[in-house]
Structures are given as structure tokens and as C-alpha cells.
Amino acid sequence: MEYSAPRGTQDITPDESGLWQHVESVIRQTMALCGYSEIRTPIFEHTEVFERGVGATTDIVEKEMYTFRDRGDRMITLRPEGTAPAVRAYVEHRMASRPQPTKLYYIGPMFRYERPQAGRYRQFHQFGMEVIGVAGPAADVEVIATPLDIFRALGITDVTVNLNSIGCPVCRPGYRNLLKEVYAPVLPQLCPSCQSRYERNPLRLLDCKSQECRGYMPDPPPIFEYLCPECAQHFSEVRRLLDKLGVEYVLNPRLVRGLDYYNRTTFEYTVGGIGSQDAIGGGGRYDGLVEELGGQPTPAVGVACGMERCVLAMKAGADAKRFAGGVDVFFVSLGERAAERVFELAFQVRSQGVSADFDMMGRGLKAQMRYADKVNAKFVAIIGDNEIDRGTVALKDMSTGEQREVPMAGLASMLREGR
RNA sequence: GUGGGUGUAGCUCAGGUGGCUAGAGCAUCAGAUUGUGGCUCUGAGGGCCGUGGGUUCAAGUCCCAUCACCCACCCCA
């Protein structure tokens with residue numbers, strides 16, 4: 001019986017892993033550049049971390065989590081996102097008693113049970129950053145602007161930043177009531193899910209994409225015109241700092257994200273050319289989450305970006321082959337005596353820091369050359385009886401085709417300089 | 001959860017109205033006589049035609065079911 005990977009999952013094959021490593025290295029370099037440290041949390045958590053953290057009435061928690069009871073009768077969930085686990089770890093390890101702020105980043109797989117589609121998987125990968133302990137707008141702006149640098153470094157253009165502020169527990173109830181008033185007359189015409197949203201979380205009415213509902217719902221007054229003075233002040237500072245950095249954005253008063261922990265700033269990046277799942281990242285401020293998960297009241301902001309979608313967006317311009325590996329030197333051998341010599345030499349130069357490979361297939365010279373070319377060897381070192389007797393190798397530069405005979409002894413250091 | 005589309009070699013695809021050992025290009029492997037890659041040429045391996053039923057003398061081709069994948073809704077990364 002032959003098997004395939006489960007629905008909505010995919011293998012990253014040798015053809016693509018080089019590209020993925022490139023993406024990861026750009027992320028790590030950028031994070032280091034900005035003073036973030038990596039946090040690695042488990043792939044699964046107690047279900048409650050997400051129920052309380054993400055919100056029990058969100059789509060993610062209600063119908064998308066991989067939740068199961070383990071053999072010890074504990075409720076376990078494969079993480080659907082990275083912020084709640086990071087905050088759980090922040091609280092658990094008392095990171096508040098480290099130098100503040102706490103700046104964390106993560107890279108890793110997430111799991112959501114959704115119908116797979118272009119750019120949507122059941123196991124997918126995100127990188128994200130969290131600034132915990134800062135209430136001021138500089139943190140919001142750092143978290144919005146830094147992924148844009150990563151996108152740019154990856155050659156992803158055509159990114160739009162959508163920005164909104166959804167207020168705080170002081171000003172949101174007022175706006176929520178306003179929305180309910182505005183939409184009460186058309187309530188019977190709305191779709192069933194909007195009717196339930198009306199009761200449970202009226203803000204999310206703004207998020208309905210159904211054309212029909214949109215027809216019935218006149219554009220609401222923008223939420224950011226109803227913020228309390230503190231939220232309005234914060235929002236305008238965020239905008240001022242974005243302008244100062246030259247970050248362009250569009251105000252999108254309908255942007256209400258699907259996780260309950262957000263307050264004040266919310267944002268989302270969209271890209272062109274990758275299909276209908278065009279949100280490549282998003283985030284916002286979550287000042288209540290740390291407390292919700294058992295810590296002291298602590299302000300925080302974060303962002304998460306989808307790596308599959310980054311790779312999709314890159315493919316338009318970048319070919320995966322550019323990131324394929326390749327060894328410094330491939331040893332070609334002629335005859336059995338040479339085959340054994342080459343085997344030793346490969347291990348020897350490797351121990352001196354030169355990447356090397358050699359023929360294991362017992363192939364002829366021509367086939368070995370062809371192979372060395374196909375796997376991108378920078379140099380080929382040919383060894384036969386003549387070379388062994390003279391203590392030399394025939395070293396060929398595969399890009400120029402130049403070949404010369406060099407002493408075996410200095411091979412490793414010569415290759416180190418030559419690359 | 002709701003629609004629509006597609007399943008033939010590792011990949012991209014041909015295979016009118018059912019009919020002989022199921023094809024091509026690319027990829028893989030092996031050759032093109034003396035110890036040299038990319039170009040070219042020759043050859044080889046590799047497919048129970050997604051799976052299970054049915055109709056028929058005969059099914060890759062027609063019918064039904066099932067599974068998988070893709071796209072969109074939804075949701076989001």
C-alpha cells in the first residue's frame with residue numbers, strides 16, 4: 001500500500017527546501033537585527049489556553065481546532081496560532097521579571113481544520129513577533145513595519161497594509177450599541193451567521209463578506225471616529241509614526257480580526273497574485289491577553305505571517321533552483337584504486353571545512369562528470385592512477401571549464417580560498 | 001460546512017463516435033571505442049489508465065458509487 005500525506009498537508013521536497021531555508025534565514029536575520037529572541041513552544045497545548053486566549057466564540061476555537069483527549073484524559077489542542085502559546089510561556093516563565101520589554105519571535109507549524117484551498121492548508125507555517133510590556137505606539141509600529149522589511153527582502157512586492165483601530169473596553173461598548181441600533185431594522189434580512197453575530201459579537205458584522213448582507217448593511221460609521229480620547233490619541237500616534245517611517249497603509253474600518261484578544265490597533269497585509277487567500281499576515285494589540293492567561297495586566301502587540309503564502313508570493317519572481325545547494329568539490333575517480341583514495345580525500349577535506357561529495361555508484365568518468373554538473377559542484381577533482389602516482393589531482397572549475405593539476409596536499413585550503 | 005471542476009508514467013499532458021502488445025515531451029538510467037560536464041544523437045526502465053461495481057463479445061473511453069486532488073464560498077496566515 002502506498003500512502004499520501006494527509007489532506008491539507010504538504011511535503012517540502014528537496015526541490016523546495018532550499019527556498020524555505022532562505023525564507024527562514026531572512027526572518028531570523030531580521031529578528032536579530034531588531035532585538036527579538038526566539039521562543040519555541042510545544043506544538044500542542046492544553047485546550048483551555050486557546051479557548052481563553054483566542055476566544056471561545058471565534059471560528060478558530062468553535063470549528064477549526066485539532067482537539068483530542070490524550071491517554072491521560074487531558075484535553076489537548078494542536079496549536080492553531082502562536083500568540084496564545086507565547087503569552088502562556090511569558091506568564092509561566094515569569095518573563096516580566098526580565099529586562100522589559102519582552103520581544104519574542106517564533107517560526108513553526110500551526111494547525112487548523114479548514115477546507116484546503118490554494119494558499120490554505122491544515123498544517124501551515126507562521127512566523128510571528130510579539131512585543132510584551134509596551135503600551136506606547138512605537139511597539140505597534142515596529143510590529144507593523146518589520147514584516148514589510150522581510151517581505152521586501154524576499155522580493156515580495158504588491159503588499160497592502162490595511163489598518164484599523166477597534167477601540168478598547170471603554171469605548172467599544174458604545175460603538176457596539178450604535179451598530180446594533182443601525183442594523184436592527186435589517187436584521188431579519190441578514191444571513192444566519194450574521195444574525196448570530198448580531199447577538200454574540202456585533203463588531204464582526206462588519207466582517208461579513210456575503211454580498212447579500214452587504215447590500216442590506218449600509219456602510220457603518222467608521223469605528224475609529226467613535227474611539228475614546230485615549231484610543232483616538234494612540235491611533236493617531238500610530239499613524240503619525242507610520243508616516244514618519246514612510247509606511248503606506250489604507251484605513252479599513254471593516255477590518256475586524258477573527259481573534260477576540262485584539263484591542264486598539266489591528267492590521268492585515270494583503271498581496272496580489274496568490275489567489276483568493278491573499279492575507280499574508282496580520283496582527284494587532286492585545287492588552288488584555290496576558291491577564292486573561294493568568295499574568296499581571298500587561299500591554300502587548302504582535303503580528304503573524306503565513307510562510308506558505310510568502311513562498312507563493314515569491315514564486316512569481318523567484319525560481320526555487322536559485323536556492324538549491326551544491327558542494328564545493330566533487331571527486332571523480334577512475335578505477336578501484338582511485339575510488340578508495342577519493343573516499344578518503346572527501347572525508348579529509350570535509351574535516352577541513354570544505355563541502356565535498358564523491359561517486360558511490362561506481363559510474364564511469366563521463367557519468368560522474370554529468371552528475372557533478374547536475375548537482376552544482378563548483379569544482380571537480382579528478383583522480384586516476386596518474387594523479388595518485390604524482391600525488392596530485394586534476395582540478396576543474398565547473399563554471400569556467402579551466403583545469404589544472406595541483407598537489408593533493410594543499411587541496412582543502414586552496415578550495416577554501418577559491419570559493 | 002456549501003458549491004463547481006479534475007483524476008492516464010516521477011512531472012506536463014495526448015489518447016474522435018468503446019476494438020489489436022496504452023503514447024509524447026521533460027526527468028531518471030545506460031551508451032555514442034583512448035581520462036572530462038552543459039549541446040546533440042541512440043537505447044532502456046517505469047503505468048492493474050484513482051478505486052470498486054455495472055453495461056458489452058470487448059471499457060482508458062459509456063453508467064453508478066466511492067475516494068483523492070484542485071478552485072471558489074466561508075474563514076484566515
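Every chain is numbered from 1, with letters handed out A, B, ... down the list of sequences. Since the model is a prediction, treat every value here as computed from it, not as a measurement.
Between the P atom of B:G37 and the CG atom of A:L365 lies a distance of 7 Å, rounded to the nearest Å. Between the CG atom of A:D357 and the P atom of B:G37 there is a distance of 19 Å, given to the nearest Å. Taking atom CD of residue A:Q277 and atom C1' of nucleotide B:A72, one finds them 9 Å apart after rounding to whole Å. In this structure, A:R363 places its CZ atom 10 Å from P of B:U28, rounding to the nearest Å. Atom CE of A:M129 is separated from atom P of B:A77 by 16 Å (rounded to the nearest Å). The CG-C1' distance, from A:D373 to B:C29, rounds to 17 Å in whole Å. B:C75 atom C1' lies 14 Å from atom CG of A:L255, rounded to whole Å. What separates OH of A:Y371 from P of B:U28 is a distance of 11 Å, to the nearest Å.
Comparing B:A72, B:G37, B:A77 by their closest approach to the side chain of A:K396 singles out B:G37. Comparing atom distances between the A:M398 side chain and each of B:C70, B:C69, B:G37 picks out B:G37 as nearest. Distance from the side chain of A:R370 is smallest for B:G31 among the nucleotides B:A77, B:C73, B:G31. The side chain of A:E64 sits closest to B:C75 out of B:A77, B:C70, B:C75. When the nucleotides B:U36, B:A30, B:G35 are ranked by their closest atom to the side chain of A:M369, B:U36 comes out on top. Out of B:U36, B:C73, B:C75, the shortest distance to the side chain of A:R115 is found at B:C73.
Across all strands, A:R112 comes closer than 4.0 Å to base atoms (heavy-atom distances). Residue contacts shown for A:K63 are absent, as no nucleic acid heavy atom lies under 4.0 Å away. Within 4.0 Å of A:E387, counting heavy atoms only, lies at least one base atom of the nucleic acid. Residue contacts for A:Y121: at a heavy-atom cut-off of 4.0 Å it reaches a base atom on one of the strands shown. Within 4.0 Å (heavy atoms only), A:Q368 reaches no atom of the nucleic acid at all. A:G364 comes within contact range of no nucleotide atom at all, as no heavy-atom separation falls under 4.0 Å. Nucleic acid contact class of A:G401 (heavy atoms, under 4.0 Å, all strands): base. Among the atoms of the strands shown, only primed sugar atoms or phosphate atoms (P, OP1, OP2) are found under 4.0 Å from some heavy atom of A:A118.
The aromatic ring of A:F124 sits over the base of B:A77, with ring centres less than 5.5 Å apart and planes tilted by under 30°.
Taking the C1' atom of each, B:U12 and B:U21 are spaced 26 Å apart, rounded to whole Å. Across the P atoms, B:C29 and B:G15 are found 31 Å apart, a figure rounded to whole Å. Taking atom P in both B:G52 and B:A32, one finds a spacing of 44 Å when rounded to whole Å. Only the P atoms considered, B:U34 is 15 Å distant from B:G38, to the nearest whole Å. A distance of about 40 Å separates the C1' atoms of B:C48 and B:G37, rounded to the whole Å. Atom P of B:A27 sits at a distance of 42 Å from the matching atom of B:G1, rounded to the whole Å. For B:A9 and B:G50, the C1' atoms lie 14 Å apart once the distance is rounded to whole Å. Separation of the C1' atoms belonging to B:U61 and B:U8 is 11 Å when rounded to the nearest angstrom.
The cationic group of A:R172 does not satisfy the cation-pi geometry with A:Y175, failing either the under 6.0 Å distance to the six-membered ring centre or the 45° limit from the ring axis. Geometrically, A:R264 does not engage A:F235 in a cation-pi contact, judged by NZ or CZ lying under 6.0 Å from the ring centre and within 45° of the ring axis.
The side chain of A:R120 contributes no N or O atom lying less than 4.0 Å from OP1 or OP2 of B:C75. Dashed line: the shortest gap from a side-chain N or O of A:K374 to OP1 or OP2 of B:C29 is under 4.0 Å. For A:S276, a side-chain nitrogen or oxygen approaches OP1 or OP2 of B:C73 to under 4.0 Å. Phosphate contact (OP1/OP2 of B:A72, side-chain N/O of A:Q117, threshold under 4.0 Å): present.
The closest side-chain donor-acceptor pair between A:T30 and A:D149, if any, does not fall under 3.5 angstrom.
Under the Watson-Crick and G-U wobble criteria, each requiring two contacts below 3.5 Å, nucleotide B:G23 is paired to B:C13. Using the Watson-Crick or G-U wobble rule with both distances under 3.5 Å, B:A72 pairs with B:U2.
Each of A:I60 and A:A394 has a nearest nucleotide on RNA chain B; the 5'-most of these lies closest to A:A394. When each of A:I382 and A:D278 is assigned the nucleotide of RNA chain B with its nearest heavy atom, A:I382 is the one assigned upstream, toward the 5' end.
Annotation: A:F127 is not in aromatic contact with A:Y105 [ring centroid separation under 6.0 Å not met]. Aromatic pair A:Y269/A:F151: centroids less than 6.0 angstrom apart. A distance below 6.0 Å separates the ring centres of A:Y286 and A:Y261.
Nearest approach of A:G302 to A:E130, heavy atoms of both residues: CA-OE1, 3.3 Å. The two residues A:V271 and A:A313 make their nearest non-hydrogen contact at CG1-CB, 4.3 Å.
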